[in-house]
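In each ligand, atom 1 is the first atom listed, and ligand 1 is the first ligand listed.
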Amino acid sequence: MRCKISGKKMKPFMSFGKMPMANGFLDKKNFKKEFFYKLEVGFSKDNYLFQVNDHPKSPHIFNNNYPFYTSKSKFMIGHFKKYFSWAYKKFLNKKSNVIEIGSNDGSFLKNFKMKNINHLGFEPSKNVAYFSKKNFDVNVFNGFFNTKNIRKFKKFKKNTDLICAANVICHIPNLKDVIRSIDYLLSSKGVFIFEEPYLGSMFKKVSYDQIYDAHVFIFSLHSVKTIFKNFGFDLIDAISQKTHGGSMRYIIARSGERKISKRINKILKYEKRLKLNNISSCLKFKKNCEISKRRFKDKINYYKSIGKKIAGYAASAKSSTVFNYCNIGSDQIDYIADSTKEKIGKFSPGKHIPIMPISYFRKNPPDVSVLCSWNHKEEILKKEKSFKKKRGIWISHVK
Ligand code: SAM
């Protein structure tokens, strides 16, 4: 395995075994053709970067049927509205230029559109890009954010005041190309702001399901600061977020152009206490994953042994890692309920559990439901109050 930043050789410290594509929901006729790879993770000592070894190439993942719409979560719609107001107040004015990387269904970009701010989204997945244009009339380029495609937009060259990204930078293996693209676009005082699942939260919650083919990096302040510094950028602020089970918002500016917040040193000290700058925290995480796997399997086996009917709720990409790593399949889980049209009627990657609509879950409630999107727990439990009233039991691999 090689570090995706330094190119240096490194040894994976953990394997999750044979994995399918986390979003590869499939029809029965494709079971035999299903693609698997070995999901291994490593930690680069030079830049403190937690990363996934070998992974399938992006075009297979971000295609015409990307099964993720930000707007499925009301909480996330609210989050992006607040994020917009905060960013506008702090960094923008009516004449600003804004770019979003991975604009998905337009849930964030529509806020800029409503305020008449010149904006552009880069979104390779055709279905969600089309949805955003149709529903919110936002400006979207249907393609990857990279040094080749950005050159098509000369007006944004060294003239972009805000480049933002949420839950997408960890998807892009060629991070160096992303940073070079940012360098090409950002104005002298411009900022790049991105939010991603935070390594500290993943270690604390043992939420190993943050790791899959498309999530190739799990960042910390140590890694972000070190990597961007080598390209002439400062990490000027970082603000923790509740989204996706514990994320971090990183704010990057050209070196010396903006004041560095006192928060940075405070969080760096916290990370040192957790040893996020050292492989020892990874090895502890590995042990915790093994314990979590045993406990979760025991829990499922126990409910099954006393005759309970078990189903999953929300066929997230994350749940593919859990079911495959724990080897839990359709003999234990009857079905997974989901509301995404691209998934319903198909089968879960690797374990081939049928995906049913949410209405099916409400009509045929199981005794026990695995909360696959545990990161949207509050919202789901509120929506499915009647399940608990019918004595339904929610379980999850994350405490
Ligand atoms: N930003 C949204 C959010 O936080 O809800 C969407 C996140 S979704 C997990 C990731 C999005 O990034 C997908 O819509 C995907 O198609 C897009 N994406 C993946 N690789 C990309 C790349 N290289 N350039 C731009 N967008 C990309």
### Message
Quick one: does any side-chain atom of D338 pair with a main-chain N or O of A315 as donor and acceptor, under 3.5 Å?
### Response
yes

### Nearest-option assignment for atom 5 (O) of ligand 1, heavy atoms, candidates T70, N23, N104
T70

### Query
For atom 26 (N) of ligand 1, which candidate among G106, P124, A214, S107 provides the closest heavy atom?
P124

### Task
Give a yes/no verdict on whether any heavy atom in H171 is under 4.0 Å from an atom of ligand 1.
yes

### Message
Quick check on F108 - does any of its heavy atoms sit under 4.0 Å from an atom of ligand 1?
### Response
no

Short list, please: which atoms of ligand 1 are under 4.0 Å from a heavy atom of [X]?
X    : value
I172 : 22 (C), 23 (N)
F122 : 25 (C), 26 (N)
S125 : 16 (O)
N167 : 3 (C), 4 (O), 7 (C), 8 (S), 9 (C), 10 (C)

Looking at [X] versus [Y], is the centre-to-centre ring distance below 6.0 Å?
X    : Y    : result
Y48  : F219 : no
F231 : F233 : no
F75  : H376 : no
F217 : H171 : no
F16  : Y325 : yes
F84  : F112 : yes
F122 : F153 : yes

#### Entry: R254 bridged to D183 by N-O distance under 4.0 Å
yes

Can you find an N or O of [X] that's nearer than 3.5 Å to an N or O of ligand 1?
X    : value
G102 : yes
M76  : no
H244 : no
F145 : yes

### Side chain, backbone, both or neither: Y83 near ligand 1, heavy atoms under 4.0 Å
neither

